[in-house]
Amino acid sequence: MTVSPHETPVEPPGVTEPAAPATLPLSGKPVAESTGSAEGAELAEPVDSLVLHTTDNGVAWITLNRPGVLNAITPDQRERLISLLDQDSADPGVRAVVITATGKGFCAGADLRATSTAPTERVPGDVARTIRRGAQRLISAVLDCEKPVVAAVNGTAAGLGAHLALACDLVLAAESARFIEVFVRRGLVPDGGGAYLLPRLIGPQRAKELLFFGDALTAAEAERLGLVNRVVPEAELATTARSWAARLATGPTRTLALTKQLVNASLDGDRAAAFAAEAAAQEINMTTADAIEGVASFAQRRSPAFRGR
């Protein structure tokens, strides 16, 4: 497998930002090296300006907006992401979700500076509790969202940032994007569902290769392995994401939700359980207005007009 651990991501057109080399602290999560006053001011900004949310024609856009630190996620940002995903999941006016970012990085992982304190005695169970309440809740929010979620990966996705992208239902990547399982570089096991997601996407052998070595994976290699649906030039990423999301937003929303649920659960059970779930999902789906419209349009030889109901 070809990897490029030293490749420098290309900045998308029209974006200007200060240089901020990523580093890996003892937490194993990439963060920005700078510790100047500008960085402190950034951390003090309202969280809704650091995680943007807009809705247009049934598509919710969630945009990580800390380009100076490659969009590393603080606990407050993580909680906002979870809240927005839950909100979009329940909102009948939202029929598809896109997660993307500003600048040259998609997400450099968790930024622990916001919670760094003087060393204290560790209480057994603290680490596991923190992971369950933090990274795992974020990934679960993506997987459990009842709307299709598209990742538009504009640059480096490392650690938790990579898992955030891979948890999405469809993954678009700019040619400069990289995916990095950074945990092993600091002697840490992967969190944020990495050891759950990767084997299901590319099989255990390939997953171990990425997790054991921690090398940077180019967008082209990620597409070849099956981690990415499509790689596009940087200038076409937003347009392609908008096109895909628009198609999803005009589809039968409940049908897509039930299909997502079936596919996500398919590798966790046996054939009998999968077939039973499929039959139950079809029973539920046939009560929806979109399913009734779909059957009627077929009989009437016309295009269906799905309304997300």
Cluster companions of [X] among Ile, Leu, Val, Met, Phe, Trp, Tyr (side-chain spacing under 4.5 Å):
X      : result
Trp244 : Val59, Trp61, Val98, Val150, Leu170, Leu172, Val232, Leu237, Leu248, Leu256
Val184 : none
Val127 : Ile131
Phe298 : none

For residues [X] and [Y], determine if any side-chain heavy atom of one lies less than 4.5 Å from a side-chain heavy atom of the other.
X      : Y      : result
His53  : Gln87  : yes
Glu146 : Lys260 : no
Leu197 : Ile139 : yes
Thr253 : Thr288 : no
Thr100 : Val153 : no
Phe179 : Thr156 : no
Arg230 : Val171 : no
Leu164 : Leu138 : yes

Residue pair Lys104, Ser176: steps toward the side-chain contact (heavy atoms from CB on, under 4.5 Å) verdict = CA-CA 9 Å; Lys104 65 182 180 182; Ser176 62; over 6 Å; no
Would you say the side chains of Asn65 and Thr102 form a donor-acceptor pair under 3.5 Å?
->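 Checked: Asn65/Thr102 side chains pair up, N/O donor to acceptor below 3.5 Å.
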Indicate whether the side chain of Thr218 and that of Glu221 have a donor and an acceptor atom separated by less than 3.5 Å.
->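 No, no side-chain donor-acceptor contact under 3.5 Å.
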Closest heavy-atom contact between [X] and [Y]?
X      : Y      : result
Phe106 : Gly161 : CE2-O, 3.6 Å
Leu160 : Ala135 : CD1-CB, 3.9 Å
Ala291 : Asn285 : CB-O, 3.2 Å
Val228 : Ala173 : CG1-CB, 4.0 Å
Pro199 : Ala207 : N-CB, 3.8 Å
Ala162 : Ala157 : CB-O, 3.4 Å

For [Y], does its backbone N or O pair with a side-chain atom of [X] as donor and acceptor, under 3.5 Å?
X      : Y      : value
Glu45  : Leu50  : no
Thr130 : Asp126 : yes
Asp86  : Ala141 : no
Asp88  : Val94  : no
Arg206 : Leu225 : no
Arg66  : Asn71  : no
Arg137 : Arg133 : yes
Gln77  : Thr74  : yes

Working to the nearest 0.5 angstrom, can you tell me the gap between [X] [atom1] and [Y] [atom2]?
X      : Y      : atom1 : atom2 : result
Leu143 : Cys168 : CG    : SG    : 8.5 Å
Leu210 : Glu181 : CG    : CD    : 6.5 Å
Cys107 : Leu81  : SG    : CG    : 8.5 Å
Arg307 : Thr250 : CZ    : OG1   : 12.0 Å
Glu79  : Leu84  : CD    : CG    : 11.0 Å
Glu223 : Leu217 : CD    : CG    : 11.5 Å

Is it possible for you to say whether [X] and [Y] belong to one hydrophobic cluster, with membership spreading through side-chain heavy-atom contacts below 4.5 Å?
X      : Y      : result
Ile62  : Ile82  : yes
Leu201 : Val231 : yes
Phe306 : Val97  : no

Taking [atom1] in [X] as the centre, count heavy atoms belonging to other residues, nucleotides or ligands within less than 6.0 Å. Is the count above 12?
X      : atom1 : answer
Glu283 : CD    : no
Arg247 : CZ    : no
Gln261 : CD    : no

Under the side-chain contact (heavy atoms from CB on, under 4.5 Å) test, residues paired with Leu262 that sit two or more places apart =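 By the side-chain contact (heavy atoms from CB on, under 4.5 Å) rule, Leu262 matches Ala277, Glu278, Ala281.
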Any ring-ring contact (aromatic ring centres under 6.0 Å, His included) involving residues 135-157? Give me the pairs, sequence neighbours left out, ordered by first then second residue.
->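 Pairs touching residues 135-157 that pass the test: none.
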What ring-ring contact (aromatic ring centres under 6.0 Å, His included) pairs are there with at least one residue in residues 141-170, not counting sequence neighbours?
->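 Counting only pairs at least two positions apart or across chains, the ring-ring contact (aromatic ring centres under 6.0 Å, His included) contacts touching residues 141-170 are His163-Phe183.
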Can Asp91 and Lys147 be counted as an ion pair, charged N to O under 4.0 angstrom?
->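 Not counted as a salt bridge, because no side-chain N and carboxylate O are separated by less than 4.0 Å.
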Thinking salt bridges, do Asp48 and Arg80 make one under a 4.0 Å N-O criterion?
->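 Judged by the 4.0 Å cut-off on N to carboxylate O distance, Asp48 and Arg80 do not form a salt bridge.
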Got a sec, which residues hit side chain to side chain donor-acceptor pair (under 3.5 Å) with [X], two or more places apart in sequence or on another chain?
X      : result
Glu293 : Arg302
Asn264 : none
Ser89  : none
Thr239 : none

Which pairs pass side chain to side chain donor-acceptor pair (under 3.5 Å) with one or both residues in residues 194-205, sequence neighbours excluded?
->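 Applying side chain to side chain donor-acceptor pair (under 3.5 Å) to every pair that reaches into residues 194-205, excluding sequence neighbours, yields Tyr196-Asp268, Arg200-Asp268.
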Does the pair Asp290 and Arg309 meet the rule for a salt bridge (Lys or Arg N to Asp or Glu O under 4.0 Å), with working shown?
-> CA-CA 6 Å; Asp290 280 346; Arg309 300 291 192 274; over 6 Å; no
